[in-house]
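Before any comments, here is the structure.
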Amino acid sequence: MVRLELDQVVIRRMKEDDIETVKALIKEGGEGTENRLILHVLTRPLCLFILAIVSSVLRCLVHSFILALAIPVFLLIIFLKITMPRATGVLGTSRPYWDYVGSSFRGAQDDTLENPYARISGKTAAAKKRRVKPKTKEEASAPPEKIDPDREEAAGQVWLADCDGEIAGCACRESEKRPGIRRICRVVVGSWYRREGLGRLLVQSLERREREVGARRIYAHVPFPSKLGEAFFRKLGYQPLGERTREEDEEEDEEVKVETAERGFLGFPLTKVYYKDLVLLAQKKFMYNYKNMRWAKGRNQTYLCFVVKRRLGPDSLSFDFGHLHNRTGCHAELLFLSHLGALCPGLWGCGGDENRRLSYSVTWFCSWSPCANCAATLARFLRLTPNLRLRIFVARLYFCDVEDSPHREGLRNLRRAGVLVNVMSYKDYFYCWQTFVAHRLSRFKAWEGLHTNSVRLSRTLNRILQPCETEDLRDAFRLIGLLT
DNA sequence: ATTTTCAAT
């Protein structure tokens with residue numbers, strides 16, 4: 001295991017010199033996956049059944065029982081070994097071959113992705129960039145051959161994680177077939193560099209880049225039985241396609257049809273499709289879920305829009321934003337916490353300098369206020385991370401009507417943990433609309449009674465938090481010695 | 001005046 005300095009990693013486009021290294025890397029990454037995939041196909045009931053039939057037929061011809069059993073299995077394995085990588089590109093591609101030459105970068109200036117760790121430690125990774133090893137062949141001096149831009153476009157892009165001249169990992173972005181929709185595939189980290197957050201760094205940097213150039217959704221096809229791959233993408237905020245509720249949206253069904261899993265031998269799906277919406281919330285969804293009317297019927301979901309600001313000093317600030325909603329069995333707040341590690345690199349001191357204390361300020365806009373449970377978890381969590389500040393704006397209060405509601409206590413609990421809880425007002429709605437919603441240049445239109453509802457809820461919230469304030473005051477008095 | 005709330009089929 002090599003200890004990685006994540007802030008020293010340069011993420012750059014693959015060049016023609018790198019092709020052989022990358023091929024080896026992908027082959028290395030593909031091996032385990034391929035074997036697992038074959039095992040997966042072999043153990044499907046239908047496949048076992050067919051194998052059994054073939055074996056019994058063979059038994060009539062061959063005397064040896066063992067042979068009759070082994071031959072079909074053996075042949076099938078050979079068959080799969082040969083056809084599998086061709087029929088379905090392993091590691092989540094749809095293409096049998098990757099056009100390495102077409103996808104390699106031939107610009108004069110290095111094209112690199114922003115590395116969030118690099119900014120934390122303050123050193124610019126680019127400054128330490130090593131020169132590419134000079135080629136041994138004479139064509140090194142020759143200008144690179146011109147390649148058809150169409151071919152380049154079709155080939156997609158390969159990005160490499162360059163650790164001090166060593167290629168430690170790669171991730172590919174396929175060509176854009178539909179506007180705004182991207183697909184990431186072939187995410188491989190060399191076996192010496194695993195479990196250090198390099199894959200995450202690669203995928204997240206790539207996401208950031210794609211978002212900047214207008215992508216709205218990213219797909220990742222995870223080879224089927226890969227628990228590791230699934231966990232990896234889930235952790236980065238991806239979710240499996242077609243696992244959502246019925247009323248969620250109609251467009252989902254369309255997507256399932258368009259973006260289907262690769263199917264191989266006997267039509268077994270070989271990949272599981274994960275996706276992530278990069279930024280924007282649909283107008284209808286935002287309006288429906290954040291409406292602060294008194295009787296919010298049917299809002300059986302909680303949406304959470306967040307802004308994560310990273311602060312290194314008074315003049316260094318970067319921010320990230322997005323939205324998520326609860327999944328079955330997991331409230332949106334806890335879901336956010338599970339993504340926190342990815343959103344706040346270095347929150348627990350990894351990758352950052354000890355003497356440079358970086359701090360995060362997180363703002364949430366929730367359609368429902370947190371429940372007692374989430375509040376308790378959050379409060380516990382925040383006590384462990386003093387360099388994380390949380391502000392919560394809520395559209396509506398969750399089950400807070402009765403005086404002795406545990407959720408009321410939960411809100412006070414949050415308050416005591418130093419969280420600022422507020423009810424969303426017009427300007428917060430306006431900000432959300434500008435920031436999280438695909439507004440397409442239309443301005444936020446307030447609904448009837450937004451203001452009055454907001455004021456009413458705000459009063460309620462203040463009443464709920466009142467005991468807290470007095471307690472704070474008591475603390476303050478105690479501090480200055482007026483109270484014992 | 002009265003509706004409802006991080007679903008369950």
Side-chain angles (χ1 to χ4, degrees), chain A residues 234-235 237-240 242-250 252-253 256 276-277 281-282 284-306 322-340 343 362-382 390-414 417 419 421-424 428-429 432 436-437 447-450 452-465:
Chain A
R234 265 183 199 278
K235 217 168 182 174
Y238 286 70
Q239 55 180 317
E243 210 184 56
R244 293 215 273 176
T245 46
R246 191 158 11 108
E247 77 158 270
E248 181 93 45
D249 43 6
E250 324 76 50
E252 181 89 4
D253 294 332
V256 174
K276 177 175 184 174
D277 282 320
L281 200 54
K284 262 164 50 187
K285 247 181 228 178
F286 176 78
M287 283 306 216
Y288 181 71
N289 283 288
Y290 280 86
K291 238 178 200 174
N292 63 358
M293 45 215 241
R294 172 114 202 211
W295 290 285
K297 200 171 177 172
R299 268 78 172 171
N300 290 318
Q301 273 157 344
T302 295
Y303 272 77
L304 192 162
C305 295
F306 59 86
H323 66 85
L324 47 89
H325 63 83
N326 63 298
R327 310 272 160 74
T328 40
C330 186
H331 280 197
E333 294 87 340
L334 302 184
L335 204 60
F336 179 88
L337 281 192
S338 73
H339 299 160
L340 194 71
L343 281 165
V362 176
T363 309
W364 284 359
F365 299 91
C366 301
S367 58
W368 286 115
S369 65
C371 73
N373 233 328
C374 294
T377 312
L378 266 173
R380 261 201 311 278
F381 185 86
L382 289 170
L390 180 62
R391 272 192 310 174
I392 304 179
F393 291 91
V394 300
R396 297 179 301 266
L397 297 170
Y398 182 70
F399 275 117
C400 283
D401 287 340
V402 283
E403 202 62 51
D404 58 345
S405 159
H407 306 300
R408 284 189 170 213
E409 186 48 43
L411 290 176
R412 283 192 284 270
N413 195 0
L414 278 178
V419 181
V421 190
N422 277 307
V423 170
M424 282 172 78
D428 302 314
Y429 280 107
C432 280
F436 305 107
V437 179
W447 49 85
E448 187 77 35
L450 182 151
T452 45
N453 286 335
S454 169
V455 169
R456 183 177 51 79
L457 284 166
S458 190
R459 258 204 303 271
T460 315
L461 181 65
N462 280 339
R463 260 204 314 278
I464 292 173
L465 296 179

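Note that the structure is predicted; figures quoted are calculated from it, not measured. Numbered from 1 within each chain, the chains take letters A, B, ... in sequence-line order.
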Practice prompt. Figure out the OH/C1' separation between A:Tyr290 and B:dT5, and round it to whole Å.
Written response: 15 Å

Worksheet item: Do any N or O atoms from the side chain of A:His325 and from the backbone of A:Thr302 form a donor-acceptor pair under 3.5 angstrom?
Response: no

Item to complete: Please state how far atom NE2 in A:His325 lies from atom C1' in B:dA7, giving the value in whole angstrom units.
Response: 14 Å

Item to complete: Mind checking A:Arg294 for me? I need base, sugar-phosphate or nothing, with any heavy atom below 4.0 Å counting as a touch.
Response: base

Worksheet entry | Pairs where residues 403-412 of chain A contributes a residue and the test salt bridge (Lys or Arg N to Asp or Glu O under 4.0 Å) is met, not counting sequence neighbours | A:Glu403-A:Arg408, A:Glu409-A:Arg412, A:Glu409-A:Arg416

Discussion item. What is the distance, to the nearest angstrom, from the CG atom on A:Leu397 to the P atom on B:dT4?
Written reply: 18 Å

Worksheet item: Counting just side-chain N and O atoms, does A:Asn300 come under 4.0 Å of either OP1 or OP2 of B:dT5?
Response: yes

Item to complete: Figure out the CZ/P separation between A:Phe365 and B:dC6, and round it to whole Å.
Response: 22 Å

Item to complete: State which residue, out of A:Tyr303, A:Phe306, A:Phe336, fulfils the ring-ring contact (aromatic ring centres under 6.0 Å, His included) condition with A:Trp364.
Response: A:Phe336

Discussion item. With a 4.5 Å cut-off on side-chain heavy atoms, are A:Leu378 and A:Val419 touching?
Written reply: no

Discussion item. Tell me the interatomic distance from A:Arg327, atom CZ, to B:dC6, atom P, rounded to whole angstroms.
Written reply: 17 Å

Worksheet item: Below 4.5 Å, heavy atoms only, C-beta onward: do A:His331 and A:Cys371 meet side chain to side chain?
Response: yes

Fill in: Pairwise P distance, B:dT5 and B:dA1 [rounded to whole Å]
22 Å

Worksheet item: Rounded to the nearest Å, what distance is computed from the CZ atom of residue A:Phe399 to the P atom of nucleotide B:dA7?
Response: 11 Å

Fill in: Pairing residues for A:Lys291 by the salt bridge (charged side-chain N to carboxylate O under 4.0 Å, His left out) criterion, not counting sequence neighbours
none

Fill in: Positions of residues 329-338 of chain A (non-hydrogen atom under 4.0 Å from DNA chain B), listed by number
A:Gly329, A:His331, A:Ala332, A:Glu333

Worksheet item: Would a 4.5 Å heavy-atom cut-off, applied to side chains only, mark A:Gln301 and A:Asn289 as touching?
Response: yes

Worksheet item: How close or far is atom P of B:dT2 from atom NZ of A:Lys297, stated in whole angstroms?
Response: 15 Å

Practice prompt. Taking atom C1' in both B:dC6 and B:dT2, compute the distance separating them and give it to the nearest angstrom.
Written response: 24 Å

Worksheet item: Touch check for A:Ser369, heavy atoms < 4.0 angstrom, all strands: base, sugar-phosphate only, or nothing?
Response: base

Discussion item. Distance check needed: B:dT5 P versus A:Leu411 CG, whole Å only.
Written reply: 19 Å

